[in-house]
Amino acid sequence: MGITDNIQRVATGRDHSLFASDLRAVAPALSAAIRGKRVLAIGAAGSIGSNTALEIARRGPACLHLIDQNENGLAELIRMLRASPDQINVADLRTLPIDFGSRALRLFLHSEPAYDLVLNFAAIKHVRSEKDPFSTLQMLDTNIVKQARLMGWLAETGFSGRFFTVSTDKAANPTSMMGATKRVMEHVLFNSSAAHLLPGAKMAARFANVAFSNGSLLQGFEHRLARGEPLAAPRDTRRYFVSLEESGQICAIAACLSPDHSITIPKLDPESQLVLLEDVARGFLAAHGYEAIAYTDERKACTDAVSLRGRKQWPLLLTPLDTAGEKPFEEFITEQETAFEIGLEHLKAVHYLAAPRDVIDTAITAAAELIDLRGPLVGLDKDAVKALVGAVEPAFLDSHRDSLKNLDQRL
């Protein structure tokens, strides 16, 4: 086992994919759902989108069009696909560096025959992004307004296939604006007027943290080690993890095979599969040949880094979980929702629990008005943005973990 496998195992506790048996069980159905079909993936250059694109490209779609504003990420995605040990058999494989809410995408959609499968991975996905109302406004735009706009544009093209959007475990009983806007995204997907006007099946997935995904705490460990910096993790905080490969497998199965109006979730055991982040950091350092030395003082951790390295030790800064939006535990389903089996060993689904359509539509309109470039240049109030989201998810007004501290103020 190489160091990469060892490090993945530190986070997931697994040497191989948890969903390997599920993939074998659905292999014929999954291939039939993809082979010869026209597939569009939005936000495809991210970690989850890239690994899902690989699962799809292996199964012979007629076309696979990959959209993302990150043109460098698209270049890396193409390199990954071309270098895959599995034969990539796609007659029409294209990448386009387009904003998925822009006129350019609308024109592109109208220039192409209708797709059979559309997957949306685009998201503002970090809890830290609620640090100010301006970043939160971008979150509303990406996670809510552009989702509704995309669905409307697909309806214009005659789309009647399967439409899938990635959600997050943090949408279940959200404590952050990120989780709450992704929960509203689920409402937009399933019960907005845009959803009502878009034919075809609609699905989502909530799942755990993706180990070493772009921008994640664990990927930060890799960057910090390379730069000679201390590692940092919140104290007494446990998380579920899936691997990059597993994230693509979950999304491919959910997008292609899960029932209409369902949210696919993994079957993970809180007793054995919730991992202490401090233990992940210690295991990561051990895999690289270092002993973790715990610190609570950020400045001292930084100043001691050089001397510790000479003794094959590394500073690990442990911080309190007291920044805005951070959740002390993870869950995939609320007490009000109902889960059901979908015939797989390690995946099940949640029935969508609806909010009133008029309330959802009002929230979309209000968010779009805030974002409108022609609107008045008046102050943006954080509480007003929270109230907009809370109108759809009233419990969020009480569950939101607000704080004057944010992750940008931490190592």
Side-chain angles (χ1 to χ4, degrees), residues 11-14 17-19 21-22 47-48 51-52 119-121 123 125-127 143 164-190 202-211 213 216-218 237-255 257-277 280 325-355 393 395-396 399-401:
T12 66
R14 299 182 289 276
S17 171
L18 178 66
F19 309 106
S21 61
D22 293 333
S47 301
I48 301 171
N51 282 274
T52 307
L119 306 94
N120 182 16
F121 301 98
K125 66 173 188 175
H126 286 289
V127 171
N143 294 355
F164 168 81
T165 302
V166 173
S167 185
T168 171
D169 57 284
K170 295 172 181 63
N173 294 320
T175 62
S176 66
M177 284 296 295
M178 186 277 282
T181 57
K182 291 295 277 185
R183 176 59 182 149
V184 176
M185 179 280 298
E186 293 176 358
H187 291 303
V188 174
L189 172 65
F190 293 123
K202 302 167 187 70
M203 299 71 54
R206 298 174 188 162
F207 49 91
N209 293 270
V210 181
S213 60
S216 67
L217 179 67
L218 273 60
T237 304
R238 297 179 183 273
R239 294 288 184 260
Y240 293 108
F241 286 98
V242 295
S243 69
L244 291 163
E245 176 189 34
E246 289 171 337
S247 73
Q249 293 167 347
I250 294 170
C251 290
I253 291 172
L257 301 177
S258 287
D260 186 20
H261 276 63
S262 70
I263 303 167
T264 300
I265 61 174
K267 298 177 184 178
L268 293 174
D269 175 28
E271 295 298 323
S272 63
Q273 292 173 299
L274 269 174
V275 184
L276 193 66
L277 290 181
V280 176
E326 287 291 350
K327 201 170 185 177
F329 60 92
E330 290 185 312
E331 53 193 331
F332 302 109
I333 182 172
T334 69
E335 291 183 358
Q336 294 75 36
E337 294 173 322
T338 305
F340 63 98
E341 294 295 331
I342 55 175
L344 297 175
E345 183 179 2
H346 296 292
L347 291 170
K348 58 184 177 180
V350 176
H351 289 292
Y352 164 64
L353 184 63
E393 281 291 308
F396 176 64
S399 64
H400 182 220
R401 290 173 60 92

Please report the shortest heavy-atom distance between [X] and [Y], naming the atom on each side.
| X | Y | value |
| --- | --- | --- |
| L274 | R238 | O-NH1, 3.9 Å |
| F190 | H261 | O-NE2, 3.1 Å |
| V350 | F340 | C-CE2, 3.8 Å |
| L244 | A211 | CG-O, 3.7 Å |
| P174 | S399 | O-OG, 2.6 Å |
| M203 | D260 | SD-CA, 4.5 Å |

Take E345 and K267 through the test salt bridge (charged side-chain N to carboxylate O under 4.0 Å, His left out) and record every step on the way to the result.
-> CA-CA 8 Å; E345 183 179 2; K267 298 177 184 178; over 6 Å; no
A side-chain contact here means heavy atoms from C-beta on lying under 4.5 Å apart; do [X] and [Y] qualify?
| X | Y | value |
| --- | --- | --- |
| E337 | H351 | no |
| F121 | T165 | no |
| S21 | H346 | yes |
| T52 | S247 | no |
| L189 | Y352 | no |
| S167 | M185 | yes |
| S243 | V210 | no |

Test item: side-chain donor near acceptor, E245 and N51, under 3.5 Å = no
To the nearest 0.5 Å, what is the distance between [atom1] ([X]) and [atom2] ([Y])?
| X | Y | atom1 | atom2 | result |
| --- | --- | --- | --- | --- |
| M178 | T168 | CE | OG1 | 4.5 Å |
| L347 | S258 | CG | OG | 7.5 Å |
| T264 | F164 | OG1 | CZ | 7.0 Å |
| I342 | I253 | CD1 | CD1 | 7.5 Å |
| K182 | K170 | NZ | NZ | 11.5 Å |
| T334 | N173 | OG1 | CG | 5.5 Å |

Go through the structure and list residues passing salt bridge (charged side-chain N to carboxylate O under 4.0 Å, His left out) with E186, not counting sequence neighbours.
->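 Applying salt bridge (charged side-chain N to carboxylate O under 4.0 Å, His left out) to E186 gives R183, R206.
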Given side chain to side chain contact (heavy atoms under 4.5 Å, CB included), test F207 with I48 step by step and report yes or no.
-> CA-CA 11 Å; F207 49 91; I48 301 171; 3.8 Å; yes
Audit row: V166, L119, side chain to side chain contact (heavy atoms under 4.5 Å, CB included) steps and yes/no | CA-CA 8 Å; V166 173; L119 306 94; over 6 Å; no
So with a 6.0 Å cut-off around CD of E335, is the heavy-atom count from everything else above 12?
->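 It does not: E335 CD has 12 such atoms or fewer within range.
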Partners meeting ring pair (Phe, Tyr, Trp, His ring centres under 6.0 Å) with Y240 (sequence neighbours left out) = F332
Residue pair L18, V242: steps toward the side chain to side chain contact (heavy atoms under 4.5 Å, CB included) verdict = CA-CA 8 Å; L18 178 66; V242 295; 6.0 Å; no
Taking the side chain from S213 and the backbone from S216, do they hold a donor-acceptor pair closer than 3.5 Å?
-> no
Using the side chain to side chain contact (heavy atoms under 4.5 Å, CB included) rule, take R14 and Q273 through it: C-alpha gap first, then chi angles, then the decisive distance, then the call.
-> CA-CA 10 Å; R14 299 182 289 276; Q273 292 173 299; 3.6 Å; yes
